[in-house]
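Notes for the one structure printed next.
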Amino acid sequence: MNETIKYTVFKTQWGYFGLLANEKGVIRACLPCTDRKTVEKNLLGGLEGAEFDKNLLKALQGKIIAYFEGSGVKFDSHLALDNLPTFTKKVLDACQRIPAGKTITYSELAAMIGNPRASRAVGNALAKNPIPLVIPCHRVIRTDGSIGNFSAPGGSSTKKKLLALESKR
DNA sequence: GTCCCGTCCTGTC
DNA sequence: GACAGGACGGGAC
């Protein structure tokens, strides 16, 4: 494999945010962290040969920064999800259609992809979401109203903070 | 409120 | 191919 992988780390209101991308689109994202090195480590995760490019996905960077400033933005960047299982791709794709400030439940998301009872499998897929925030997996909550779980650094408290940020608009 | 079983997909053996 | 484990749901108690 000889594809070019680039990454960038930039500052937002919440801390440093990382993006990793190849020619096809975004591969991975890393939620804000106060320490830039931590972000790079989480983002690259042992990957070698990734090239730093501060102008990588400049438009998306701007949107993410605006997002953490509290403005409503729509992430429409191209994402490279080819290496993920079909079901996971479907789940992530459906997840992207959730409008900002709105939340749906795991079972509603399952219904969107034609498997109303696959809520558990949906959670499984979201747990593997490589691109948090851009794929708004934090907008998916449990049917009983509880926040559910979140695999990104910070866990469910990060999820809560993200929802609070969106709902106060 | 807590417990338990059903459900469906992925990763590992 | 089989099995265990999950960001869940819903009914039973």
Side-chain angles (χ1 to χ4, degrees), chain A residues 1 3 5 12-22 24-35 38-48 60 63-64 67-68 72-169:
Chain A
M1 208 155 56
E3 59 185 348
I5 297 186
T12 71
Q13 290 275 20
W14 286 22
Y16 292 99
F17 191 102
L19 281 175
L20 185 69
N22 63 14
K24 290 182 197 153
V26 185
I27 312 171
R28 206 184 285 177
C30 186
L31 256 27
C33 233
T34 48
D35 180 15
T38 308
V39 174
E40 276 188 26
K41 204 176 138 200
N42 290 340
L43 189 63
L44 300 176
L47 189 71
E48 283 173 36
L60 180 58
K63 285 184 183 182
I64 291 171
Y67 174 88
F68 285 109
V73 290
K74 188 167 165 257
F75 300 116
D76 49 8
S77 304
H78 193 56
L79 309 178
L81 302 171
D82 298 344
N83 54 338
L84 296 172
T86 314
F87 179 81
T88 305
K89 271 194 289 190
K90 274 164 81 177
V91 171
L92 298 182
D93 188 58
C95 189
Q96 274 188 90
R97 284 183 242 140
I98 307 169
K102 198 181 169 211
T103 56
I104 69 167
T105 65
Y106 288 97
S107 51
E108 278 168 343
L109 188 57
M112 279 169 77
I113 57 172
N115 263 326
R117 280 187 285 204
S119 51
R120 186 114 195 206
V122 167
N124 220 331
L126 291 180
K128 276 174 286 189
N129 174 16
I131 319 176
L133 188 69
V134 180
I135 295 174
C137 53
H138 57 278
R139 289 177 198 146
V140 187
I141 59 173
R142 292 185 55 142
T143 306
D144 63 8
S146 60
I147 203 87
N149 228 319
F150 199 55
S151 62
S156 51
S157 61
T158 303
K159 186 166 174 175
K160 260 186 232 172
K161 277 163 67 185
L162 287 169
L163 291 174
L165 178 69
E166 292 182 359
S167 64
K168 73 181 165 198
R169 289 194 294 114

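Sequence lines set the chain letters: A, B, ... in the order given, protein chains first and strands last, and positions in each chain run from 1.
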**Q.** Within-4.5 Å side-chain heavy-atom neighbours: A:Y106 and A:L126
**A.**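 Yes - at least one pair of side-chain heavy atoms lies under 4.5 Å apart.
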Q | Candidates C:dA7, B:dC9, B:dC8 - which lies nearest the side chain of A:N124 | A |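 Among the listed nucleotides, the one closest to the side chain of A:N124 is B:dC9.
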Q) Which of these nucleotides, C:dA7, C:dG9, C:dG6, is closest to any side-chain atom of A:A121? A)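 Out of C:dA7, C:dG9, C:dG6, the nucleotide with an atom closest to A:A121's side chain is C:dG6.
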Rounded distance in Å - [atom1] ([X]) to [atom2] ([N]):
X      : N      : atom1 : atom2 : value
A:K90  : B:dT10 : NZ    : P     : 10 Å
A:D144 : C:dA7  : CG    : C1'   : 13 Å
A:N83  : B:dG11 : CG    : C1'   : 15 Å
A:L109 : B:dT7  : CG    : P     : 20 Å
A:L163 : C:dA7  : CG    : P     : 18 Å
A:I104 : C:dA7  : CD1   : P     : 18 Å
A:L92  : C:dA7  : CG    : C1'   : 13 Å
A:F87  : B:dG11 : CZ    : P     : 12 Å

Q. Does A:R142 have a side-chain nitrogen or oxygen under 4.0 Å from the phosphate oxygens OP1 or OP2 of C:dA7?
A.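 For A:R142, the contact criterion (side-chain N or O under 4.0 Å from OP1 or OP2 of C:dA7) is not met.
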Q: Using only side-chain N and O atoms of A:T143, determine if any of them is under 4.0 Å from OP1 or OP2 of C:dG9.
A: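 Yes, within the criterion.
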(Q) Regarding A:E166 and A:Y67, do their side chains bring together a donor and an acceptor under 3.5 Å, going by distance alone? (A)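 There is such a pair (donor and acceptor under 3.5 Å, judged by atom type) between the side chains of A:E166 and A:Y67.
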Hey, does [X] reach any base, or is it just sugar-phosphate, or nothing, if we go heavy atoms under 4.0 Å?
X      : value
A:A127 : base
A:N115 : sugar-phosphate
A:Y106 : base
A:S151 : base

Q) Considering every strand shown, what is the Watson-Crick or G-U wobble mate of C:dG9 when both distances are under 3.5 Å? A)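 The answer is B:dC5, by the H-bond criterion.
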Q: Determine which nucleotide pairs with C:dA4, using a 3.5 Å limit on both distances of a Watson-Crick or G-U wobble pair.
A: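 Pairing partner: B:dT10.
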(Q) Both A:K128 and A:R117 contact DNA chain B. Taking the nearest nucleotide for each, which residue is further toward the 5' end? (A)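 The residue whose closest nucleotide sits nearer the 5' end is A:R117.
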Q) Counting only N and O atoms by type, is there a donor-acceptor contact under 3.5 Å from the side chain of A:N22 to the main-chain atoms of A:K24? A)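 Side chain of A:N22 to backbone of A:K24, a donor-acceptor pair under 3.5 Å: yes, one is there.
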Q: Report yes or no: does A:K159 contribute a side-chain atom to a donor-acceptor pair with the main-chain N or O of A:I147 at less than 3.5 Å?
A: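 Yes, the answer is positive, given that a donor and an acceptor are paired below the 3.5 Å cut-off.
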Q) If you look at every heavy atom in A:I104 and A:M112, which pair is closest and at what distance? A)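 Residues A:I104 and A:M112, closest heavy atoms: CD1-SD, 3.9 Å.
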